[in-house]
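Source: prediction; values computed, not measured.
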Amino acid sequence: MSRARRILASLVAIAAIAVIVAIWIIRGPGPMAFGTGPNVALADYKAANPTGVPAKLANASAVARGEYLAKAADCMVCHTAQGGKEYAGGLGFKLPFGMLYSTNITPDKETGIGNYTDQDFLNAMHRGIRRDGARLYPAMPYTSYTYVTDADALAIKAYLFSLPPVRATLPANTLAFPFNQRWGMLFWSAVFNPDTRFEPDTSKSPEWNRGAYLAEALAHCGECHTPRNIAFALNNRKKFGGALTAGWRAFNISSDKATGLGNWSDEDLVAYLSNGHATGHGTASGPMGEAVDHSFSQFAPEDIRAVVAFLRSVPPVASPDLPATTAPPAPPSHKDGVTADARGKMVFEGACVSCHGWSGESAVSPMATLTGAWAVNDPGATNVAQIVISGTKRHTPDGALSMPAFGNAYSDDEIAAVANYVTARFGSKASKLTAEDVAELRKQTAQ
């Protein structure tokens with residue numbers, strides 16, 4: 001071999017090694033790599049099977065089991081447009097490079113998945129491949145669903161095929177080039193989708209493994225609560241450290257004591273997941289409120305406890321932009337406390353005080369109490385502004401609790417002012433939202 005060829009071969013080898021190292025760095029660890037292991041194939045696991053459904057449904061039909069699993073996977077929320085029919089798709093996802101719409105997963109043969117075979121369905125769930133061979137975008141969380149067992153995935157299919165077929169023509173995606181080239185997802189999936197089923201960790205308890213399966217494979221918690229890397233894949237080096245998702249802040253749910261769940265009691269976590277409220281920590285709204293109403297609140301009590309056991313074990317990740325402590329109740333009189341933002345105070349007095357009170361301790365419902373809430377202690381005020389814009393409707397054991405949407409009643413400047421006032425009066429640090437910030441938040445949730 002000539003000297004020139006040897007140099008060229010060396011450069012090619014160096015480039016190949018650099019690419020491999022770069023991919024390894026970007027991909028990072030898997031979502032359950034923090035476990036001490038060893039992990040084994042499900043067939044080789046000697047303890048209770050952590051997959052499937054709770055014991056009370058063990059002998060139920062495939063449709064009944066699939067219904068429970070579909071709710072655990074929160075399929076309906078993402079595949080139902082506002083005001084549309086359940087599972088018929090059309091929900092818009094605002095991405096940095098365009099709008100993406102969810103698909104129709106009713107058994108309609110023309111516009112839904114009625115022609116999907118079992119293998120077609122498994123390919124979509126585990127590999128992000130449609131029946132026609134086209135690649136799905138990871139807004140469909142197949143990199144999490146890949147851990148779902150074949151049996152559970154096919155039970156979900158049985159449930160979906162039991163639903164009435166809905167003929168629904170969906171809006172066209174508006175993704176910019178090159179993101180509109182589905183074939184490119186072949187390479188993305190090769191790097192970021194492990195295409196492997198759940199493997200229990202033999203060093204952990206059966207309850208922990210059940211919680212891991214629920215949180216990682218079905219509920220796909222990391223898809224919202226884990227920040228993303230430069231390739232828009234989950235950055236599990238900061239697992240559950242919180243992220244901005246769909247215009248809302250998904251908070252830190254690692255075991256960090258200052259800015260995560262480390263200072264929550266087990267009962268706090270059980271209450272929050274079961275009904276969307278934990279005293280002293282706030283009420284779930286936005287996407288998390290939907291996840292509670294349509295998914296977590298449907299879990300068997302033992303499954304909620306299993307998720308809590310798993311969350312407790314996730315290594316702490318700090319959120320440096322969040323305060324380490326929450327603020328105490330505000331003064332009961334409007335004459336005391338924060339008064340600097342006169343416009344924000346005026347909006348709060350006209351639209352908010354009757355439910356939330358000047359002290360932040362609601363006389364209407366504990367779920368309307370602002371004291372201690374994560375949202376008001378976030379100096380970014382993202383969720384405070386979104387709740388004002390979009391309102392919230394929660395379904396509790398005592399009935400529905402609603403806060404009206406004020407997005408059409410108030411200007412961007414007024415919403416910024418009231419959000420800044422709320423975080424200053426009830427939180428640890430005042431936000432500094434502008435009208436431009438609020439206008440951008442509106443875009444993030446507009447379909």
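Here ring-ring contact (aromatic ring centres under 6.0 Å, His included) pairs that include residues 112-166, with residues two or more places apart or in two chains, are Y145-H220. Each ring-ring contact (aromatic ring centres under 6.0 Å, His included) pair with one or both residues in residues 250-277, not counting sequence neighbours, appears once here: F251-W374, W264-Y272, W264-H281, W264-W374.
In this structure, F187 and W183 have perpendicular ring planes: the angle between them is above 60°, well past the 30° mark.
A heavy-atom distance below 4.5 Å is not found between the side chains of E67 and V63. The closest side-chain heavy-atom distance from N180 to N173 is not below 4.5 Å. Counting heavy atoms from C-beta outward, L218 and Y68 have side chains that stay 4.5 Å or more apart. Contact annotation: the side chain of P200 approaches that of L42 to within less than 4.5 Å [non-hydrogen atoms, C-beta and beyond]. Residues R135 and I129 meet the side-chain proximity criterion, which asks for heavy atoms closer than 4.5 Å. The shortest distance between side-chain heavy atoms of T106 and I113 does not fall below 4.5 Å. Residues Y410 and I389 are not in side-chain contact: their nearest non-hydrogen atoms beyond the backbone lie 4.5 Å or more apart. Contact of the L311 side chain with the I253 side chain is registered, since non-hydrogen atoms from C-beta on lie closer than 4.5 Å.
Of the charged side-chain nitrogens involved, at least one lies within less than 4.0 Å of a carboxylate oxygen, so that E267 and R305 count as a salt-bridged pair. A salt bridge is absent between E440 and K94: the closest approach of a Lys/Arg side-chain nitrogen to an acidic carboxylate oxygen does not fall below 4.0 angstrom. We find that R167 and E110 are joined by a salt bridge, their nearest charged nitrogen and carboxylate oxygen being less than 4.0 Å apart. Classification of D120 and R130 as a salt-bridged pair fails, no side-chain N sitting under 4.0 Å from a carboxylate O. With respect to D44 and K46, no salt bridge is recorded, no charged nitrogen being found less than 4.0 Å from a carboxylate O. Between R249 and D321, at least one side-chain N (NZ, or NE/NH1/NH2) sits under 4.0 Å from a carboxylate O, which counts as a salt bridge.
A donor-acceptor contact shorter than 3.5 Å links the side chain of T423 to the backbone of N420. Proximity of a side-chain donor or acceptor of S254 to a complementary backbone N or O of F240 within less than 3.5 Å is not detected. Side chain of N377 to main chain of P323: no donor-acceptor pair is present (N/O by atom type, distance under 3.5 Å, no hydrogens or angles).
For the side-chain contact (heavy atoms from CB on, under 4.5 Å) with L234, the lone residue among H225, R228, K239 that qualifies is R228.
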- Dump the intermediate steps for side chain to side chain donor-acceptor pair (under 3.5 Å) on S189 and R127, then the final yes or no. CA-CA 8 Å; S189 293; R127 302 174 186 91; over 6 Å; no
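Minimum interatomic distance between G241 and P227 (heavy atoms only, all atoms of both residues): N-CD, 4.2 Å.
The neighbour count for K238 NZ, taken as heavy atoms of other residues, nucleotides or ligands under 6.0 Å away, does not exceed 12. The environment of D132 atom CG is dense: over 12 non-hydrogen atoms of other residues, nucleotides or ligands sit within 6.0 angstrom.
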